[in-house]
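Data first, discussion second: the structure below is written as structure tokens.
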Number of protein chains: 2
Amino acid sequence: MRADARRNYDRIVEVAREVFREQGYDASLDEIAKRAGVGPGTLYRHFPKRENLLDAVMQSWVDRVNEAVAKALTHEGSDRELLLGWFEEYVRLISVHRGAPAKITSAMGDPDSPIMTKCQVLARANDRVIEHLREDGAIRDGVETLQVCRLVGGVATVADQGDLDPDAVRPMLAVVADGLLR
Amino acid sequence: MRADARRNYDRIVEVAREVFREQGYDASLDEIAKRAGVGPGTLYRHFPKRENLLDAVMQSWVDRVNEAVAKALTHEGSDRELLLGWFEEYVRLISVHRGAPAKITSAMGDPDSPIMTKCQVLARANDRVIEHLREDGAIRDGVETLQVCRLVGGVATVADQGDLDPDAVRPMLAVVADGLLR
DNA sequence: ACCTGAACACCGTTCAAGT
DNA sequence: ACCTGAACACCGTTCAAGT
């Protein structure tokens with residue numbers, strides 16, 4: 001990759017992260033290009049679809065997911081508290097910007113999605129928590145990771161689109177947790 | 001209302017319902033106007049915001065909701081079956097077209113939404129089911145109707161956006177039901 | 001009172017010309 | 001190999017002119 005291309009790529013991603021946070025995932029790509037100081041064609045060369053840009057924006061986020069799940073697993077306390085704590089963290093993690101929870105959760109089952117690798121990171125993190133609790137015999141039979149991702153992702157999506165605050169979200173996550181635990 | 005205005009109004013609503021079903025809630029208003037044989041200005045005169053059009057489209061749907069809840073309440077069988085059956089019906093009811101579950105669920109808490117009256121119908125229906133089960137002492141403490149609407153609406157939203165089939169949705173609804181029941 | 005349709009603004013997307 | 005920016009298509013929204 002040529003030096004100027006690399007520089008443009010990085011600037012676009014940085015600006016996109018900023019603009020997505022300010023205006024949500026529907027933000028104008030034209031504005032992102034302008035703020036990054038490149039022509040619209042340059043943005044399209046690097047990111048043919050909006051989702052490719054999202055994937056790049058989420059790159060640095062992967063580490064945070066892995067740190068968060070490691071921390072959640074060390075939690076001292078009841079299984080219910082551990083699970084609930086992880087769900088709250090999960091919601092925070094996928095709420096990268098407005099529109100993100102919906103986008104991420106609907107890509108969760110799709111192997112052809114441009115953000116597939118990010119979904120896998122998230123699914124694996126979730127899986128570690130579920131398997132940890134399953135070893136304690138705390139999880140009901142027939143519970144699948146993908147299901148859990150979609151349930152918690154659904155809560156995050158509703159919270160995102162309805163602009164709910166965490167106090168309204170926690171009881172919903174508690175219902176999901178209770179439905180999963182024995 | 002003048003006769004020609006009435007006629008245009010009705011045709012727009014009828015066409016909108018059709019186009020929303022074909023192409024989802026993001027469909028072009030221009031196309032709706034064209035198919036209804038009116039100018040774009042006419043559509044805007046009757047429906048200043050897209051949500052006003054959605055509200056009109058959902059008008060005839062109100063009766064179906066009330067019929068569905070009445071039928072659900074007569075169900076013979078366990079509380080869990082009754083609740084689960086109602087949830088499946090609820091998901092079907094708000095899945096009027098692509099994009100509808102998200103729109104309806106996020107309007108659920110907002111008293112200023114153009115589709116507020118439709119949300120009230122839905123909330124009231126849900127409330128009847130919850131109260132019915134609460135009389136049996138089957139519902140956990142602290143459960144609110146709005147919460148339940150958002151939880152089931154979240155599942156419907158994920159199903160809608162991820163194009164899931166009913167077999168993938170039912171187990172998710174079962175988790176929510178188990179989390180609400182004692 | 002209501003309708004029409006031209007006009008404007010905005011945005012995504014492409015591509016020929018340039019370095 | 002990569003970038004630029006003009007050009008096109010599409011869509012939401014407004015409004016002057018018409019009936």
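Letters A, B, ... mirror the listed sequences (proteins, then strands); counts begin at 1. What's counted below: heavy atoms across the whole structure, side chains too, no hydrogens, waters or symmetry copies.
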Asn126(B) versus Thr145(B), side-chain donor and acceptor atoms under 3.5 Å: no

I'd like to know if the side chain of Arg182(A) and the backbone of Arg140(A) have a donor-acceptor N/O pair within less than 3.5 Å. no

Give a yes/no on whether any side-chain N or O of Asn8(B) is located under 4.0 angstrom from OP1 or OP2 of dC3(C). yes

Using a cutoff of under 3.5 Å, can you pull out all pairs of nitrogen or oxygen atoms linking the protein to nucleotides 6-12 of chain C, with atom names and distances?
| from | atom 1 | to | atom 2 | distance (Å) |
| --- | --- | --- | --- | --- |
| dG12(C) | OP1 | Leu29(A) | N | 3.4 |
| dG12(C) | OP1 | Arg50(A) | NH2 | 2.8 |
| dG12(C) | OP2 | Ser28(A) | OG | 3.4 |
| dG12(C) | OP2 | Leu29(A) | N | 3.0 |
| dG12(C) | OP2 | Asp30(A) | N | 3.3 |

Nearest whole Å is fine: how far is dT13(C) C1' from Leu43(A) CG? 11 Å

Does the structure place the NZ or CZ of Arg98(B) under 6.0 Å from the centre of the six-membered ring of Phe20(B), at an angle of no more than 45° from the ring's axis? no

Donor on one side chain, acceptor on other, Lys103(A) and Gln161(B), under 3.5 Å: no

Heavy atoms from other residues, nucleotides or ligands near CD of Glu31(B) exceed 12 (cutoff 6.0 Å): yes

Stem finding on DNA chain C, please: runs of three or more consecutive Watson-Crick or G-U wobble pairs, both distances under 3.5 Å, sorted by first number. C:4-8 with D:12-16, C:12-16 with D:4-8

Rounded to whole Å, the CZ-C1' distance (Phe47(B) to dT14(D)) equals 18 Å

Let me know the distance between CZ of Arg45(B) and C1' of dC3(C), rounded to the nearest Å. 8 Å

dT13(C) P sits how many Å from Leu53(A) CG, rounded? 12 Å

Protein-nucleotide distance (Ile12(A), atom CD1; dC3(D), atom C1'), rounded to Å: 11 Å

Whole angstrom is fine here: how far is it from NE2 in His46(B) over to P in dT13(D)? 17 Å

Among dC2(D), dT4(D), dC2(C), the nucleotide that comes nearest once only the side chain of Arg2(A) is considered: dC2(D)

Tell me: CG of Asn52(B) to P of dT13(D), nearest whole Å? 11 Å

Look at Arg134(A) together with Glu131(A) and state whether they make a salt bridge at an N to O cut-off of under 4.0 Å. yes

Short side-chain to backbone donor-acceptor contact, Arg6(A) and Met1(A), under 3.5 Å: no

